[in-house]
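Below: one structure, written as structure tokens.
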Amino acid sequence: MYTDALTTALGDGIVQIRLPMAGNPMRHINGYLVREDDGFTLIDCGWKTDDVLEALHAGLAEHGETLAAVKRIVVTHMHFDHYGLAGTLLRAGVPDLLLHSKDWDFASRILSNPLEADRLSDIWLGRNGFDVVPSDEEAEHHRLNELTEPTRILNDGERVGRLLVVWTPGHTPGHICLVDTATGKMFTGDHVLDPVTPHVGFWAEHRGDPLGDYIASLENVGRIGASGVLPAHGEPFPDLQRRVDQLLEHEATRENQIVEALGLGPSSAADIAGRLPWTRRNKSFADLGEFHQQFAVAETIAHLEHLRHDERVKRDDVNGYRYVLTG
Ligand SMILES: [Zn+2]
Ligand SMILES: [Zn+2]
């Protein structure tokens, strides 16, 4: 069931607040308030705009609370829609901000040289056959984010009150899920969404195997199990294992499509992306907007580099990278 209500009390001291993502097809990001002895933990806080701040105040007010009751913000990962407002909230008096070490490493590298990350990803996509045209959307993402230094760095297995940190790299290097030890429910951030397929991209040289990490992280949360799923986008749903299985199957299907597309001979990642169907509506690559095309190419590279990691494809450099099946 889809609801446009601002908040939903989910029981056991958990409140879902739908924070707006104006102009974005996702429509909302869920901030979750989790009651602790000293007040609330807020999981994810939306991007940096006035309407998000207003929605947060209004959501707290619906439950007779104010921002003063929020004692800490735990950010599932460093993307602008989860993290952007954190600096504003700290300045407004929230004492603590918690983020995984790998995402803080990533964010602090961007902070130390803000334009460099974009430049490196543009070079990388160019080398993979896709010439980036700077877009307004990219500038907009920067405007809605603020990479704020956490007061506490998190690592796998640590506790934050009733919440247990599970490191789930893939969507970002330091993405975390949080198991609520009081109820057995899992806050999954952007790691497990339904019906959206989380984005796993490969955005610059020497980034390891993010898709391999993502698949291992899916298997890991499936092993841990949960009595319910509280995702960052969309509505809570009961059956974690069903969705994990679907996402694993989706990645396997994509891999088969890519291996098939590689059958035509050495290809750039952009060539391969151009031969695949995109989105749940099976759009052609050409019908995607330029910014979405960047994500499509980065996802294709994540698959190709995963196959390369498994030595099923190799990569040649002939005026740019060409992938070819081994054997
Ligand atoms: Zn994200
Ligand atoms: Zn998100």
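Here the structure is a predicted model, which means the values were calculated and not measured. All ligand and atom numbering here is 1-based and tracks the order in the structure.
Because the distance cut-off is set at 2.8 Å, D81 fails to qualify as a neighbour of the Zn ion (ligand 1), as none of its N, O or S atoms comes that close. Because the distance cut-off is set at 2.8 Å, H175 fails to qualify as a neighbour of the Zn ion (ligand 1), as none of its N, O or S atoms comes that close. For the Zn ion (ligand 1), the N/O/S atoms of H82 include none lying under 2.8 Å. The Zn ion (ligand 1) lies under 2.8 Å from an N, O or S atom belonging to H171.
One finds a salt bridge joining R127 and E205 here, because a Lys/Arg side-chain nitrogen approaches an Asp/Glu carboxylate oxygen to under 4.0 Å.
Among the heteroatoms counted here (N, O or S) of H79, ND1 is the one nearest to the Zn ion (ligand 1).
Note: angle at the Zn ion (ligand 1), from NE2 of H77 to OD2 of D190, is 90° (rounded to 10 degrees).
For S267 (side chain) and R322 (main-chain N/O), no donor-acceptor pair under 3.5 Å exists by modelled atom type.
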- Message: For L67 and H57: C-alpha separation, side-chain torsions, deciding distance, then whether side-chain contact (heavy atoms from CB on, under 4.5 Å) applies.
- Response: CA-CA 7 Å; L67 193 60; H57 282 304; 4.0 Å; yes

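Cation-pi check for R207 over F202 is not met; the charged atom does not lie both under 6.0 angstrom from the ring centroid and within 45 degrees of its normal. Geometrically, R254 engages W278 in a cation-pi contact defined by less than 6.0 Å to the ring centre and at most 45° from the axis.
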